[in-house]
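Heads up: the structure comes next, in structure tokens.
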Amino acid sequence: MLAMSRIEEGCTVLILTESGKKYLVAVRRGKKFHSSEGYIDLGELVGREYGCVVRSNTGVRMTAHKPLLQDLLSKVRRITQIVYPKDLGYMVLISGIGPGSVVLEAGTGTGVLTATLAYYVRPTGRVFSYDINQEYLEAAHYTLERLGLREYVELKHGDVYSEVSEKDVDAVFLDVPEPWKAVGNAWKALKPSGRLLSLSPTIEQVVETVENLRVGGFDDISCVEILVRDIRVKRGMTRPEFLMRGHTAYIVSARKSEINSRHITDDTWNENISPT
Ligand SMILES: C[S@@+](CC[C@H](N)C(=O)[O-])C[C@H]1O[C@@H](n2cnc3c(N)ncnc32)[C@H](O)[C@@H]1O
């Protein structure tokens, strides 16, 4: 679905209307797409190139674009908090993953991060995604199937704080309430120099995670928050929008290194961070 250049029957298009509204629509001959700005015959789109312009019955201009992964993800039914595009982009870039990478992730939740990781590691890579909640795994299974990404993901019912069976993974992504409890398992699963990315909504979670990373065999530890402002562009009046998405999460990143035993004290060394 993401690779074709001409619109075929059965594929999904992103209809962008003159007023800026966006709709994901399955193309079928004999079917109409109805909106508040009029309707179009979907059969008219078959065989045309993506980006083609059609007029609704009321004369409104509508463009049929090829949906990006982000367009598809924006319509996924959310059953948990999700990772937002501004955070996804940064996390993927600094993780160093690409086609062929093997990734360990927890928790799966709605599957937005899972789908993004699968998209970037395909066709030869794999994502091992853990969640303690079977219902979420089932919903993520359905979402990944609809996105055509299911074959790149192994969904695993399990607690990332207790045990993971993967070894030599290129990167670990954590979006769980107590990521510091997964630091030891992440260390064991990662390749030497592998990347750990952890996403948390509160500073308290960040402090706990970073302190455990420092003594748990990680270095190059950093924490960022990404803020994105939309800019309204109109000659003579160009300025940031008044409203923006505020806080979503802090992103902690680190690289696996050799354990530096000088940093380990009886207070800090416990089961959660022990890498052996
Ligand atoms: C915020 S959601 C993850 C959302 C996901 N990253 C997304 O983009 O859709 C957090 C998930 O972590 C799962 N979880 C909590 N504790 C866990 C644990 N110890 N091991 C694995 N998953 C866990 C929860 O069940 C929940 O689905």
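Numbering of ligands and ligand atoms starts at 1, following listing order. The chain is numbered in sequence order, starting from 1. Please read all numbers here as calculations on a predicted model, not as lab measurements.
- V233 belongs to a hydrophobic cluster whose other members, connected by ILVMFWY side-chain contacts under 4.5 Å either directly or through intermediates, are I231.
- A salt bridge links E9 with R29; the closest basic N to acidic carboxylate O contact falls under 4.0 Å.
- Salt bridge absent: E166 and K188 never bring a charged side-chain N and a carboxylate O closer than 4.0 Å.
- Atom 20 (N) of ligand 1 has as its closest protein heavy atom V160 N, 3.0 Å.
- Nearest protein heavy-atom neighbour of atom 27 (O) of ligand 1: D131 OD2, 2.6 Å.
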Give every donor-acceptor pair under 3.5 Å between a side-chain atom in residues 190-200 and any protein atom, sequence neighbours left out.
{"residue": "K191", "atom": "NZ", "partner": "D170", "partner atom": "OD1", "Å": "2.7"}
{"residue": "R195", "atom": "NE", "partner": "I94", "partner atom": "O", "Å": "2.9"}
{"residue": "R195", "atom": "NH2", "partner": "I94", "partner atom": "O", "Å": "3.4"}

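- Taking a cut-off of under 4.0 Å to the non-hydrogen atoms of L113, the atoms of ligand 1 that pass are 6 (N), 7 (C), 8 (O).
- Listed by number with element, the atoms of ligand 1 under 4.0 Å from a non-hydrogen atom of Y161 are 19 (N).
- Using a 4.0 Å cut-off between charged side-chain N and carboxylate O, E211 and R214 make no salt bridge.
- At the shortest separation from atom 9 (O) of ligand 1 among protein heavy atoms lies G111 N, 3.0 Å.
- Residue contacts with ligand 1 do not include S162, since none of its heavy atoms lies under 4.0 Å from the ligand.
- Side-chain atoms of T114 and T108 include no donor-acceptor pair closer than 3.5 Å.
- Protein heavy atom at the shortest distance from atom 6 (N) of ligand 1 is D175 OD2, 2.8 Å.
- Against a heavy-atom cut-off of under 4.0 Å, T110 is close to the following atoms of ligand 1: 9 (O).
- Residue V176 approaches ligand 1 through these ligand atoms, each under 4.0 Å from one of its heavy atoms: 12 (O), 14 (N), 17 (C), 22 (N), 23 (C).
- Side-chain atoms of T17 and E37 form a donor-acceptor pair, as typed in the model, at a separation below 3.5 Å.
- Of the candidates G107, A115, P177, G158, P177 brings a heavy atom nearest to atom 15 (C) of ligand 1.
- Between F33 and Y39, the distance from one ring center to the other does not fall under 6.0 angstrom.
- The closest protein non-hydrogen atom to atom 4 (C) of ligand 1 is Q81 O, 3.1 Å.
- Surrounding NZ of K167 are more than 12 heavy atoms belonging to other residues, nucleotides or ligands, all under 6.0 Å away.
- For the pair N133 and ligand 1, the shortest N or O to N or O distance does not fall below 3.5 Å.
- Nearest-residue assignment for atom 5 (C) of ligand 1 (options T108, T80, V83, I82; heavy-atom criterion): T108.
- Residue E105 has no N or O atom closer than 3.5 Å to an N or O atom of ligand 1.
- Judged by distance alone, the side chain of R245 and the main-chain N or O of T248 form no donor-acceptor pair under 3.5 Å.
- Among L174, D159, I132, the residue whose heavy atom lies closest to atom 23 (C) of ligand 1 is I132.
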